[in-house]
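The block underneath contains the structure these notes are about, expressed in structure tokens.
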Amino acid sequence: MRIESCTKGQRPRPIAVTSWYHGADESRSQSLQVKLFAAGWKAGLRRRGSVQLVPADWQSPPPQVVSIPLEAQRPHCQGFRFVRDESWQSTADSQQASAPEGRHTDRSERRPATRIRPPGDVIKLQDRLYYVLQPPLESLAGSSAMRFPFEPFPYQFDGVAFLYPRYAAILADEMGLGKTMQAITAIRMLVRSGEVSRVLIICPKPLVTNWVKEFGMWAAEIPLAVVEGNQAKRDWQWQQPYPPVQIANYELLVRDRELLESEQMHFDLVVLDEAQRIKNFSSTTSEVARGISRSRNWALTGTPIENSLADLVGIFEFLVPGHLHVDMPVRQMAERASDYILRRTKEMVLKDLPPRLYRDADLSLSDDQLASYQIAERDGVVQLAEMGQQITIHHVFQLVLRLKQICNFDPVSGASVKLDRLDADLEEVAASGKKAIVFSQWVGTLERLRDKLCRFEPLEYHGKVPMRKRDGVIEKFKEDPRHRVMLMSYGAGSVGLNLQFCEYVFLFDRWWNPAVEDQAINRAHRIGVAGPVTVTRMLCLETIEERIQQVLAEKRQLFDAILSRTSGPESMGFSQQEIFGLFDLKMPSPEGATAGSGVATGRDPR
């Protein structure tokens, strides 16, 4: 076949297609008509070109970078120079201007900035410099990074600066100075700086809600969890690495002992509130607390020494095992404990706090009470004397309790010279629109007072009041003007309560230890109290109460002895010899006496 086409540029014409067939000398040709079409590309090349702008993405992936490790040159330090930044002063000025009314001070009275000081056991220079180079705490409080609901007192900054760098510490401030707030602020700084990520706070059960409330006020950004519920729920809570702060009570500590002492359980910081709970070294609570794996440990207590120096040694066994011993001289013990303890009283730090006024109500027993008292004492002493070598401290103690109860109420007629005095005083308190707290050692005494003082509509707060109802009782006492009197036991009301709206405190009977009485009084005499707190201490003359008071008056020196590093008495409680001496009884020989010293407290359950 042959195809013939037109020449380029000529008019299109049919294409002749010729086909030959070979065979038997035969050939044939055939023509097909085909039309051609010009493509036009030549004409297109001859036309002038045009330029059109089209947007394009000029972003390109970042160039590949290869990191080459270089050995850093270690600088050689020849000296240090610390310059106070002027911005700190401006921060302090702005903080002064924005301070709440009544909390700021005059410029001429402004004290130096509070700086963190490394504790004595920090040896390395780099570790000491870490604390020394921290900015003043006042500048942190004035910054946007750490906001406070109101400006802390200067002594509270000192407490935070004391706790923050220490791995073992006792904050032993007197009740009402804000130990909880200081501990929370120090924890807040440690968590935010990344130095701790898991904190356990252990406190008495009634104080759990108070800790949650205080965290919401002073460190609201830090998540926390309360360990509670049944065993399965608690097991799950203990094993959670988050949130950074967990709160548990001492009772759960004992129940969950096996899990807390396991190898996988570790805390960066363990804080014991009301740390006198572990003062008895051999108690189960103390053993469990010491068995918790931890890096840091703090103790908060207003009474590190309740009865004897053994109480302080028991707390130190949790903080620094073996650092103190019960047979140490007082001066040496004070010297060794000084770097671990910070103790302030209201008189030391709160110059403007209203005073605490003591009024001793020295009363004489009524005729009925006196007759019952003389019979009980005479028969009791005779019975104890007849026991000979079989007598124990507990026998003597039972007689003391019986006589103290007669001083409250006559067991036959129910007469009470203390009640008569209390009723008259409460009449005056109610008439003035004030509120009062009445403390007693026994729940039975408080129940009798409730019936006798019904016209004042008293509320009760003691061991028989369920835990779930106690917060409601306090709130009702605070808000309801009909209730002018709160009947409270030493055991339930000596820790963790804020009753600064009360201006009168009555000690219906006296506790064995003045430190416990101070705790009870400080429920009302604390930061925020509006006026002076009047404390009435009731005591029956020429009775066992007067003899006990004379002995305890000589024991109040122990706190000062430890904190001022001077010699002093080794016990604030009663020794066996002192208990027997109340009735001029002779001590039995060691073979017949019960081992141990001190007395049982007879405190009602909390």
Side-chain angles (χ1 to χ4, degrees), residues 117-124 127-128 131 158-159 161-163 165-174 179 270-272 274-283 285-287 289-290 294 296-345 347-349 512-516 518-519 551-578 590 595-599:
R117 296 182 179 180
D121 57 356
V122 175
I123 305 300
K124 293 183 178 180
D127 294 337
R128 298 186 69 85
Y131 298 117
D158 290 336
F162 170 79
L163 289 174
R166 280 171 169 78
Y167 280 70
I170 299 179
L171 184 59
D173 285 348
E174 187 180 20
K179 292 188 293 295
V270 174
V271 181
L272 299 186
E274 301 297 340
Q276 65 271 17
R277 286 288 190 96
I278 64 165
K279 64 183 181 180
N280 185 354
F281 179 79
S282 59
S283 68
T285 302
S286 177
E287 292 176 356
R290 298 197 309 270
R294 61 203 182 276
R296 301 173 184 243
N297 34 221
W298 299 343
L300 311 180
T301 174
T303 54
I305 304 172
E306 283 191 331
N307 295 304
S308 67
L309 296 180
D311 299 344
L312 184 63
V313 174
I315 296 175
F316 262 85
E317 283 302 306
F318 167 76
L319 298 173
V320 190
H323 190 68
L324 300 182
H325 304 283
V326 291
D327 55 352
M328 279 184 176
V330 174
R331 187 183 297 274
Q332 182 183 2
M333 184 176 293
E335 182 74 27
R336 300 200 66 179
S338 60
D339 192 52
Y340 296 91
I341 301 178
L342 179 63
R343 164 79 175 180
R344 281 84 57 89
T345 63
E347 290 75 14
M348 295 168 57
V349 298
W512 299 100
N513 193 320
V516 177
D518 290 341
Q519 288 183 13
V551 176
L552 290 181
E554 302 171 358
K555 301 275 185 176
R556 284 186 172 270
Q557 309 168 35
L558 188 56
F559 267 171
D560 296 336
I562 289 294
L563 299 177
S564 63
R565 305 185 188 183
T566 60
S567 59
E570 295 186 356
S571 173
M572 289 187 72
F574 276 72
S575 65
Q576 289 192 23
Q577 184 175 357
E578 289 167 338
S597 62
V599 298

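Because only heavy atoms are used, hydrogens play no part in the values below, and waters and symmetry mates are left out as well, while side chains stay in. Everything numeric in this text was worked out from a predicted model, so none of it was measured.
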Might you confirm whether atom CZ of Arg336 has over 12 heavy atoms from other residues, nucleotides or ligands at distances under 6.0 Å?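 Correct, the count exceeds 12.
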Step through the shown structure and confirm whether more than 12 heavy atoms of other residues, nucleotides or ligands are within 6.0 Å of OH on Tyr131. yes
Atom [atom1] in [X], atom [atom2] in [Y]: separation rounded to 0.5 Å?
X	Y	atom1	atom2	answer
Asp158	Leu342	CG	CG	7.5 Å
Ile170	Phe162	CD1	CZ	8.0 Å
Glu287	Ile278	CD	CD1	11.5 Å

So, for [X] and [Y], which heavy atoms are closest and what is the spacing to 0.1 Å?
X	Y	result
Thr301	Gln276	OG1-OE1, 2.6 Å
Leu324	Ala337	CD1-CB, 4.3 Å
Leu272	Ala289	CD1-CB, 4.3 Å
Asp339	Gly120	OD2-N, 3.1 Å
Phe318	Val270	CZ-CG1, 4.0 Å

I want to check something: taking the side chain as every heavy atom from C-beta on, are [X] and [Y] in contact at a cut-off of under 4.5 Å?
X	Y	value
Val349	Asp173	no
Leu319	Tyr340	no
Val313	Met333	yes
Asn280	Ser286	no
Pro118	Pro165	no

For the pair Arg290 (side chain) and Phe281 (backbone), establish whether a donor and an acceptor sit closer than 3.5 Å, ignoring hydrogens and angles. yes
Checking His323 side chain against Phe316 main chain: does a donor-acceptor pair fall under 3.5 Å? no
Between the side chains of Gln519 and Thr303, is a donor N or O closer than 3.5 angstrom to an acceptor N or O? yes
